[in-house]
Amino acid sequence: MTTRRMSGVGTLNYTLYSDSARTTVFGNTVGTNTVAARGTGSAQPLTAYGRIPDGQYPAAGRYTGHPHR
């Protein structure tokens with residue numbers, strides 16, 4: 001599992017998935033858990049689904065993602 005972290009008024013771990021059932025984790029291994037695409041120079045929409053594991057009780061506020069920590 002590729003755990004990512006957001007920080008702000010506290011820290012919050014989360015995982016991103018490429019499917020709504022949250023069974024395929026987005027990761028960093030090309031051809032295994034990444035999405036293939038060809039750049040066009042324009043913004044392209046990409047839907048991602050997230051899950052925050054139970055047992056975290058972060059304070060309300062603004063958080064910023066840090067995917068490689």
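These values consider heavy atoms only, across backbone and side chains, with no hydrogens, waters or symmetry-generated copies. These numbers come from a predicted model, not from an experiment.
What you find for Pro58 and Tyr63 is that their closest heavy atoms are CB-OH, 3.1 Å. Annotation for Tyr14 and Ile52: closest pair CB-CG1, 4.1 Å, computed over non-hydrogen atoms. In terms of heavy atoms, Thr11 sits closest to Gln56 at O-OE1, 4.5 Å. Taking every heavy atom of both residues into account, Val25 and Thr15 meet most closely at CG1-CG2, 3.9 Å.
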Let's go through Thr64 and Met6 carefully: what are the C-alpha distance in whole Å and the side-chain angles of both, what is the deciding distance for side chain to side chain contact (heavy atoms under 4.5 Å, CB included) to 0.1 Å, and is it a yes or a no? CA-CA 5 Å; Thr64 303; Met6 289 186 273; over 6 Å; no

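We find the OH-CG distance between Tyr17 and Asn33 to be 12.0 Å, quoted to the nearest 0.5 Å. Atom-to-atom distance recorded for Arg51:CZ and Asn13:CG is 14.5 Å, nearest 0.5 angstrom. Atom CG of Leu16 sits about 12.0 Å away from atom OH of Tyr49, to the nearest 0.5 Å. Here OH of Tyr57 is found 12.5 Å from CG of Leu12. Values are rounded to the nearest 0.5 Å.
Among residues two or more places apart in sequence or in another chain, the side-chain hydrogen bond (donor to acceptor under 3.5 Å, both in side chains) test is passed with Thr40 by Gln44.
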